[in-house]
Each structure stands twice: as C-alpha cells, then as structure tokens.
Protein chains: 2
Amino acid sequence: MPDVKHFDPDAVLEQVERLFWRRGAATTGISDVVAATGLSRSSLYATYGGKQDLYLKALRRYVERRSEPVFRALAEDGRGLPAIAAFFDRLIETRCAGEHARWGCMIANGHAEAATLEVRAVLDRHHDGLRAAMRAALAAARLRPGLDPDAAAEQLTLLAYGVNLRSRAGAEAAALRDGVRAALDSLTQRGETA
Amino acid sequence: MPDVKHFDPDAVLEQVERLFWRRGAATTGISDVVAATGLSRSSLYATYGGKQDLYLKALRRYVERRSEPVFRALAEDGRGLPAIAAFFDRLIETRCAGEHARWGCMIANGHAEAATLEVRAVLDRHHDGLRAAMRAALAAARLRPGLDPDAAAEQLTLLAYGVNLRSRAGAEAAALRDGVRAALDSLTQRGETA
DNA sequence: CCCAACTTGGAACGACCATTCCAGGTTAGC
DNA sequence: GCTAACCTGGAATGGTCGTTCCAAGTTGGG
C-alpha cells in the first residue's frame, strides 16, 4: 500500500451524516461538508463518490448505527407495552433535548425530499424494521381483545413519524407525550383505571 | 391604473404551490417556476417578491385553501368517530391516488426543510387547526371511559403526519388504512365486535 | 533508496442559482 | 393623442453549485 488515508472514513461519514441529518440533503453543499470535515474535495470524492452517494452512505449509516440498534432493543425487550412506552419516551427526549434536539429523524426528513429509488429503499427498510420491532413488542403485551397487532404495529410506526416531524418544528415534549400516551393507553382496555 | 397585470395572481400562485408541494422548496428553482407559470422573472418578482416570499405565500395558500376547509368540515361534522374515519379515508385516497398522488402534504414536507420563523408559524397554525378539528370531532363521539380527548386529538394529528409522510415514499393505501383503523378502533371499547 | 501507487490541497470548470435591470410595450386619465 | 405610470420579456450579474483536474507530497515493496 503506497500511501494510506489520512483520516478515518467512518468517523468522517458520521460528521457528514450529522450535517445531512440536521440540514437536509438539498440545502447542504459540498462546501459545507468540506468545512465540517476538514477534508479536501479530492479525498471526499475519491472515498465516497459524489454528493448523492455521500448522502446515501450517510443515510444508510444512520439506519444501521442509530435506528436498527434501537429496533433490536425494542424487539428483544420482553416487557410488552412498557417496552414500547420506553421507546417513545426515549425518542421524545432525544428529539426535544440534548445534542440532536430539533433535528428530527433523518429518515422522516428524507421522506419529504424528492427521493431516488435507492433512497426510497432505505426509507422502506427503516419502516419495515420499526414496524417489525413494534410487532414483536406487541406480541409480548396483553392487548385488549379484538385488536389486530399488525395494524397496531403500523399505527405506532406512523405515530413515531409524526413525533419525529413535529419535534423538528419545535413541538413541546409534553404534547408529544400526551399523544403517545393516548395511543398506548388505548391498546389495552384498562384506560379508566389511569 | 396605467396598465394592468396580464395574469391572475392567485391562479399563478396555485401553480407555484403545486410545484413547491411536489418538489419542495430547496430543489425547486425560479427557472422551474418561470417554466411552469409562463410568467417572466420580472412579473414574478414584482408580484410576489423573492423565492422565500413566494414559497411562504404558496404555503399559506395551501393551508388556507386546502387544509383549513377540510378542518372546518371535520370540526362541523356532527357524526363523531365516523367523521374522523371519513377524514382519514379521504386523506389516504388523496395521498395515494389521483392528481396529487405521492406528493404527500406540503405542510408535513415543510417540517423536514430548514425552516424560517415565518414558515414555522404556518406549520404550527396548521397543526393547531387540525388538532382543534380532531378535538371537536371527538367531542361528538362516544369514547371509551377514561380516554383524554385532548391527548387523543394530538395522537390522531400526529398519526395524520405519519400517513402523509409515508404516502410520499410509496406506502400502500391498505397499510395506511390498517394503521388508522387500529387507532380509531382503540378509541372506543367495542373493538372485539369488529 | 527509488519508484510506483496512492493521497492530498487547492485551483479551475461549466452549469445553474436567485436576483436586478432596462428597453419596449400597454393603458388610464386628461 | 399625449403622457405618466405600470407591466413584460429577456439579457445580464455576481455568486455558488457539484465536479474534475493536476502538481506536490507520502509511503510501502523491491
């Protein structure tokens, strides 16, 4: 190997991911990426390809490193409804406070931009992953009779997208928690005891 | 009045609205607007101001002409839950088929783009309007005991954003209907009879 | 220690961006 | 029918976009 890269490709990709996550693909220029990473255009293009490739790689990294571990934890948590409640609690906290506050979800944001087929494939993979995790968590829950767990999994997944979107516009955490609580309470039939 | 406009400002604004709706603000150029409307740059800038003003006017038109009439119909429909079900049915049909299929909701899409304060004000106005309409419709419904109608209104509003987002990525209408049905069934306690 | 393979910074490129400007045309009031 | 006020098409502007290119630097194998 005559020369070796002077940077860590995945660490750089994480910075790029954060940039696209916060500001979106269309409004983020290569100049911004250069400024944020400190890399030169040559290294950027040689390592990741053009802007579209870069965005796609960042999007895939987001799903693999950020979303899917959470999905796994949700699916493997055997507590049932409390696991789903914890998922939403943590989601709302992440979206409204801390380092990534008001960034929303990179996948939810990606839905709004004109998407190539490759991007849409990542979006679908994310959706399927979350729905499957919800479905698994619901399997461990005591639900009210007559409730279709597949439909409920879809419902909760759509709800998560709504939470992600609204958090970006500055929605209050309390309001988001109210909406989630109403959904979760309704999955059981012991609503009146609350 | 020495000379008069050679076009209908609102009709043109509707075309602009459709353009921003479908493709987003960042990826739509003034050249696209010129091409779609047939107007010249001079008339465009003289009538509406720059691109940001144009987008804002189009966004406001969307809320006033498309969203809020539907909100009013929902709020004034006295049927209760069937009114909400009809709202979602029509929403899903509009988002998945017909002229605007796969365009999503211009407001939901707007959440994902970096937003100025003025844009965010429109987003909030839309959210408050839909939540209030949901709340009014819920007031006419027979809900299961113990359910907080304000929280349920927030829940259904967030759900609508999820439907809008996913429709843009090509989600099947049947899946969206399943998710909505699960939510609506859970608001009553007669789930087991379905 | 030398060269081939690779990397890097940074200049350069054409295309497109939002916006401005102006000359020429149109119209209401007098 | 003249003029002042307004409108319109389209060229022009300066800036920024994504991308390419190249000279200079670095490093492992022989």
- Message: What is the distance, to the nearest angstrom, from the OH atom on A/Y55 to the C1' atom on D/dC17?
- Response: 18 Å

- Task: Could you tell me the separation between the OH atom of B/Y48 and the C1' atom of D/dC7, rounded to a whole number of Å?
- Result: 14 Å

- Query: A/D53 CG to D/dT19 C1': how many Å, rounded?
  - Reply: 12 Å

- Query: What are the two closest non-hydrogen atoms of A/K5 and A/T47, and how far apart are they?
  - Reply: NZ-OG1, 3.3 Å

- Message: Parallel, tilted or perpendicular, judged at 30° and 60°: which one describes the rings of B/Y161 and B/H111?
- Response: perpendicular

- Task: Taking only the side-chain heavy atoms of A/D3 (C-beta and beyond), determine which of D/dT8, C/dA18, C/dT7 contains the nearest atom.
- Result: C/dT7

- Given atom CG of B/L39 and atom C1' of C/dA18, what is their separation to the nearest angstrom? 16 Å

- Task: Take atom OH of B/Y45 and atom P of D/dT13, then tell me their distance rounded to the nearest Å.
- Result: 17 Å

- Query: Hey, does the side-chain of A/R41 have a donor or acceptor N/O within less than 3.5 Å of a partner on the base of D/dT19?
  - Reply: yes

- Item | Closest listed nucleotide, where the reference is the side chain of B/I30 and the choices are C/dC21, C/dA18, D/dG18 | C/dA18

- Message: Give me the atom names and distance for the closest heavy-atom approach of A/R79 to A/P82.
- Response: O-CD, 3.2 Å

- Task: Please report, rounded to the nearest Å, how far the P atom of C/dG9 is from the CG atom of A/L44.
- Result: 10 Å

- Message: In this structure, how many angstroms lie between the C1' atom of D/dT19 and the CG atom of A/L54, rounded?
- Response: 13 Å

- Check ion pair B/R66-B/E17 (N to O, under 4.0 angstrom): yes

- Message: Strictly below 4.0 Å: does A/S31 bring a side-chain N or O up to OP1 or OP2 of D/dC17?
- Response: yes

- Task: Let me know the distance between NZ of A/K5 and P of D/dT27, rounded to the nearest Å.
- Result: 15 Å

- Message: Quick check on side-chain contact (heavy atoms from CB on, under 4.5 Å): which of A/N109, A/L165, A/N164 does B/L165 satisfy it with?
- Response: A/L165

- Message: If you assign each of B/H6 and B/T28 to its closest nucleotide in DNA chain C, which residue comes earlier from the 5' end?
- Response: B/T28

- Query: Can you tell me if the side-chain N/O atoms of A/S43 get under 4.0 Å from OP1 or OP2 in C/dT8?
  - Reply: yes

- Item | Side chain B/S40 and base D/dG10 donor-acceptor under 3.5 Å | no

